[in-house]
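Below: the structure, in structure tokens.
Within every chain, numbering begins at 1; the chains are lettered A, B, ... in the order of the sequence lines, protein sequences first and strands thereafter.
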Protein chains: 2
Amino acid sequence: MTDMKQRIATELERSFSEQGFAEQGVEALRAEADVSLRTLYRHFPSREAMIVGALEHRDATYFAWLEGGPEEGVGHVLHPLVRLRDWLCEVANTGCLFLNALAEYPDSAAIGAVVRDHKARLAEEFTRRLARVAPGRDTGDLAETLFLLHEGMTQAARFQGREKACEAALRAARAALAAEDIR
Amino acid sequence: MTDMKQRIATELERSFSEQGFAEQGVEALRAEADVSLRTLYRHFPSREAMIVGALEHRDATYFAWLEGGPEEGVGHVLHPLVRLRDWLCEVANTGCLFLNALAEYPDSAAIGAVVRDHKARLAEEFTRRLARVAPGRDTGDLAETLFLLHEGMTQAARFQGREKACEAALRAARAALAAEDIR
DNA sequence: CGACAGGTAGAGCGATCGCTCTACTTTTCG
DNA sequence: CGAAAAGTAGAGCGATCGCTCTACCTGTCG
């Protein structure tokens, strides 16, 4: 059943997010998902597949998390950063799950591909939003700046604390938009 | 001997940097350092101590790497970002060793402490440089912006490619300085 | 009914893990 | 010289790893 696979993927995502990748083996993952070892392996035939499955699930979760928000103006552009702040406060402040995975398995082609795909679409998110708010203008550089701030904020929140990193990133983003006369 | 410990630490740093933390056990580290298992454990009595040792060594290496450069003007402030670009080109483009370690062992107090200490001093680097170039002005926010760009650049370079991330970060940093009339 | 897909529980495989230990050699130095 | 310190080589410990497999149960459907 697809329900089962979804349910397991949800638990894998939560588990890896909370405990990291190195600190728990397959048996621990099985227990968290509350299924038999056989069922776990039926849907995710290796530990690497479990990681990829968790990342794919997180990808969907996170883009759903970004939905909604202001449909125009600065608020529309900044929305992903605001939602990231919410995520860091309400869900987890443990860095980026994708980059954490990449850190542990830098040689895995499968993991690398999922990470690159996710990040490319995330960067595109800023590009799209800027294109909507400032149509006809070349906002490519600005999109890259906002994406860098997004990545920096995610990491800095871990060791500096959420509030400081979030305020700094939003302040910097607003300044960058203001400097380009986007309002 | 301290020489020996230094030499081992150098190899540990290189090894973890190139292969990641999860993908090699103590035996592989021993082989890279080209010492006996007993000697390795004499200087670093546990795998966690090896990681901490590698991070401490990297801390020293990296701050030495930042030395030199312009002593005033925008160049002085941007120097750490320029040197980071050099590092990503010449040494390794594998993200931040400290954050990679934290990703794998989020529950280790020892590792967490080293990471927080390193990052705090790195953030301070921008604060100091700005204070020198724009004495008497409140450049705290700007320093935080530059630090966020530094962190974002480090991560983005991994999956977007060095050039794109480095150019974007330097461009964004210059723009932020210009907007505050720092030259 | 009977076949089968998909679930549970858990024993157990070989490999590898972090780490300790023995036995011996080399270097340092009072 | 001779003791202590610090090195090498590597066997081997118990624990854990990822993963497979057997044995059994349950619901669906032709």
Side-chain angles (χ1 to χ4, degrees), chain A residues 1-56 100-112 114, chain B residues 1-16 18-57 100-112 114:
Chain A
M1 273 193 178
T2 302
D3 299 7
M4 180 63 81
K5 184 164 185 174
Q6 274 288 321
R7 221 201 67 206
I8 295 177
T10 305
E11 293 303 314
L12 289 176
E13 181 199 334
R14 197 180 51 75
S15 226
F16 283 129
S17 174
E18 287 176 8
Q19 319 283 339
F21 292 94
E23 285 181 346
Q24 53 190 343
V26 173
E27 165 55 26
L29 297 169
R30 184 210 61 78
E32 288 290 317
D34 197 30
V35 294
S36 74
L37 205 49
R38 178 181 174 140
T39 301
L40 178 57
Y41 270 99
R42 183 186 299 283
H43 293 296
F44 302 96
S46 70
R47 200 180 120 91
E48 187 183 44
M50 295 172 205
I51 294 174
V52 171
L55 292 180
E56 286 173 344
N100 289 353
L102 199 58
E104 307 221 27
Y105 308 98
D107 298 332
S108 161
I111 292 172
V114 180
Chain B
M1 273 195 179
T2 303
D3 300 6
M4 181 63 83
K5 184 163 184 174
Q6 275 287 322
R7 222 200 65 205
I8 296 176
T10 304
E11 293 302 313
L12 289 175
E13 181 200 334
R14 197 181 51 75
S15 227
F16 283 129
E18 287 177 6
Q19 319 285 339
F21 291 94
E23 286 182 344
Q24 55 190 342
V26 172
E27 165 54 26
L29 297 169
R30 183 210 62 77
E32 288 290 316
D34 196 31
V35 293
S36 73
L37 205 50
R38 179 178 173 145
T39 301
L40 178 57
Y41 271 100
R42 183 187 298 283
H43 294 295
F44 303 96
S46 70
R47 199 179 120 91
E48 186 182 44
M50 295 172 205
I51 294 173
V52 171
L55 292 179
E56 285 172 346
H57 193 267
N100 289 352
L102 200 58
E104 308 221 26
Y105 308 98
D107 298 334
S108 161
I111 292 173
V114 180

Nucleotide [N], atom [atom2] - distance to [atom1] of [X] in whole Å:
X       : N      : atom1 : atom2 : result
B/Arg47 : D/dT16 : CZ    : C1'   : 14 Å
B/Asp3  : D/dG7  : CG    : P     : 10 Å
B/Leu40 : D/dA6  : CG    : P     : 16 Å
A/His43 : C/dA5  : NE2   : P     : 14 Å

Both A/Arg7 and B/Pro45 contact DNA chain C. Which one's nearest nucleotide lies toward the 5' end?
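Checking each residue's closest nucleotide, the 5'-ward one belongs to A/Arg7.
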
Report the residues that fulfil side chain to side chain contact (heavy atoms under 4.5 Å, CB included) with [X], sequence neighbours left out, ordered by chain and then residue number.
X       : answer
B/Tyr41 : B/Val26, B/Leu37, B/Met50
B/Ala28 : B/Gln24
A/Arg42 : A/Arg38
B/Ala9  : B/Phe44, B/His57

Looking only at side-chain atoms of A/Arg42, point me to the closest of C/dC19, C/dG6, D/dG7.
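It is C/dG6.
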
Which of the following nucleotides, C/dG18, D/dG7, D/dC19, is nearest to the side chain of A/Tyr41?
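Of C/dG18, D/dG7, D/dC19, D/dC19 is nearest to the side chain of A/Tyr41.
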
Side chain to side chain donor-acceptor pair (under 3.5 Å) with [X]: which residues, sequence neighbours excluded?
X       : value
A/Ser46 : none
A/Glu18 : A/Arg14
B/Glu48 : B/Ser108
B/Glu56 : none

Counting only heavy atoms and a strict 4.0 angstrom limit, can you tell me which residues of residues 30-39 of chain A come near DNA chain D?
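Under 4.0 Å from DNA chain D: A/Leu37, A/Arg38.
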
With the threshold set at under 4.0 Å for non-hydrogen atoms, list the residues of residues 19-28 of chain A touching DNA chain D in residue-number order.
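The stretch gives A/Gly25, A/Val26 as the residues lying under 4.0 Å from the strand, ordered by number.
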
Going by the ring-ring contact (aromatic ring centres under 6.0 Å, His included) test, which pairs reach into residues 17-40 of chain A, not counting sequence neighbours?
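Sorted pair list: A/Phe16-A/Phe21.
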
For B/Ile111 and B/Leu102, which heavy atoms make the closest approach, and how far apart are they?
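B/Ile111 and B/Leu102 have their closest heavy atoms at CG2-N, 4.4 Å.
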
Identify the stems formed by DNA chain D, where each pair is Watson-Crick or G-U wobble with both distances under 3.5 angstrom and a stem is at least 3 consecutive pairs.
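Paired runs of 3+ in DNA chain D: C:1-30 with D:1-30.
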
Quick one: does A/Val35's side chain get under 4.5 Å of A/His43's, heavy atoms only?
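No; the side chains remain at least 4.5 Å from each other.
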
